[in-house]
Amino acid sequence: MLSAELNRILTRVGPEAPIGALFRRFWLPALLSEEIPGPDCPPVRVTLLGTGMVAFRDTQGAVGLLDARCPHRLTDLFFGRNEQGGLRCVYHGWKFDVQGACLDMPSEPPGSRMKENIRVNAYPVVEKGGVVWAYLGPRDRLPELPDLEFLSLPADHFYASKCLMKCNFQQALEGSIDTAHLTFLHRSLEPMAKDVFAVGDLQQFGDADGAPRFFCKDTDYGLQIAAQRNAEEDSFYWRITQWFMPTYVLVPTVPGLVCRANLFIPIDDENCWWYRVRYHPDRPLSGEELAEYSSGGLDYARLIPGTYIPEGGKANDYLLNRNDQRGSSFTGIPSAQLQDIAVQEGQGAIVDRTQEHLGTTDAAISRCRRRLIDAAKALEEGTEPVAASNGSLYRLRAVAMELPREAEPEEAARRHLVVQS
Ligand code: FES
Ligand SMILES: [Fe+2]
């Protein structure tokens with residue numbers, strides 16, 4: 001459990017909140033590149049950490065991320081016309097470029113120099129890995145981009161998607177580092193048609209041992225979380241997860257199979273985006289893999305067409321089917337992603353952590369909370385988060401593997417954890 005005060009600190013993301021300030025020290029996914037697919041395409045609304053913005057791609061293909069409010073009389077620039085190198089407000093025609101400079105002010109007399117003194121706040125952006133990354137913090141603290149492996153792979157080696165979650169980001173993060181739930185929430189009661197978790201035969205050990213032992217290691221980037229399950233008589237099944245500040249997770253898969261990254265980005269205190277990336281370091285993703293990721297199935301939730309909102313939600317009980325729950329799946333909810341969303345939204349918009357009863361398999365979650373709260377408090381006192389200025393710390397992998405019982409897991413897994421360049 002957590003006191004009400006610490007729970008408030010952990011979950012609030014506005015500019016005055018300690019965790020909100022911590023997030024504002026990192027590059028964060030703001031939107032997918034596919035949302036602004038080409039020059040002069042329609043602008044899109046973006047809300048990040050409670051800040052309303054508008055994103056657009058100009059005639060040259062450059063991406064702009066501006067405060068949503070036009071500096072004239074503060075209407076929404078989302079309505080704007082994206083044309084000829086800038087976004088033009090539809091109220092009186094003021095036009096802004098991707099840097100936030102005012103290019104045109106047709107409501108003022110010819111010769112007026114007023115536009116030279118008018119800017120709209122424009123946020124630094126970098127486009128990489130199918131994602132437009134944004135930085136919302138102080139300009140003299142520009143961080144390094146996290147060197148997550150998929151960011152330096154060819155475009156056909158990764159697939160990035162996103163999905164709305166109607167709950168606080170921390171619930172989503174805690175779900176992603178909680179390997180214990182694999183045995184229950186995601187269990188199939190029949191042989192699985194697909195290797196949904198990219199762990200192959202090891203899934204049998206995940207299903208069999210629901211009480212893994214956790215070994216958490218504090219690192220400069222966050223936590224390395226090793227969970228040990230019984231496997232054969234002389235072996236253990238290890239899952240080694242990486243949690244990176246602020247909310248990026250690598251989920252363990254067997255070396256050689258598709259890798260999985262989750263990034264949980266606060267929209268505001270009660271909603272977040274789940275960015276989900278699948279990538280293979282050595283080969284393009286197959287047509288079958290891409291079809292599953294883009295249209296939903298056993299792993300991915302199906303989205304309402306034209307949106308990033310899952311078809312399953314609170315109003316339809318996340319498509320829960322009680323017959324399936326009796327016969328084929330532990331939950332009766334159709335995809336692993338929707339299963340996660342159901343239980344994490346099911347905790348409430350912001351879970352009341354004063355009421356919970358944590359057990360031994362919640363060790364990593366407690367540690368993660370403590371690290372975030374400590375980092376936020378340290379920042380308030382002037383200590384910057386180390387990971388923000390060290391992108392290379394993110395150059396790691398997560399692994400699932402079976403090892404002899406006497407093996408030292410970290411040592412045995414080391415060669416699989418570090419990305420070789
Ligand atoms: S409010 Fe935007 S130009 Fe007037
Ligand atoms: Fe899950």
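All ligand and atom numbering here is 1-based and tracks the order in the structure.
- Aromatic ring orientation, Y159 versus Y300: perpendicular (interplanar angle above 60°, classes split at 30° and 60°).
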Evaluation steps, side chain to side chain donor-acceptor pair (under 3.5 Å), between H181 and D340: CA-CA 9 Å; H181 81 262; D340 285 322; 3.2 Å; yes
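- For the pair R229 and F205, the NZ or CZ position fails the cation-pi test of under 6.0 Å to the six-membered ring centre and within 45 degrees of the ring normal.
- Surrounding CZ of R81 are at most 12 heavy atoms belonging to other residues, nucleotides or ligands under 6.0 Å away.
- H186 has its closest N, O or S atom to the Fe ion (ligand 2) at the position named NE2.
- Taking the six-membered ring where the residue is Trp, W273 and Y308 present perpendicular rings, their angle passing 60° and hence far from 30°.
- Look at D340 and the Fe ion (ligand 2): an N/O/S atom of the residue is under 2.8 Å from the metal.
- Other residues, nucleotides and ligands contribute over 12 non-hydrogen atoms within 6.0 Å of the CZ atom of F215.
- When hydrogens are left out, the protein atom nearest atom 1 (S) of ligand 1 is R73 N, 3.4 Å; that is the closest non-hydrogen contact.
- Against a heavy-atom cut-off of under 4.0 Å, C89 is close to the following atoms of ligand 1: 1 (S), 2 (Fe), 3 (S).
- Vertex atom 4 (Fe) of ligand 1; arms to H72 ND1 and H92 ND1; angle rounded to 10 degrees, 90°.
- The distance from ligand 1 to the heavy atoms of W94 drops below 4.0 Å at these ligand atoms: 3 (S).
- Within ligand 1, the atoms closer than 4.0 Å to a non-hydrogen atom of C70 are 1 (S), 2 (Fe), 3 (S), numbered from 1 in the order shown.
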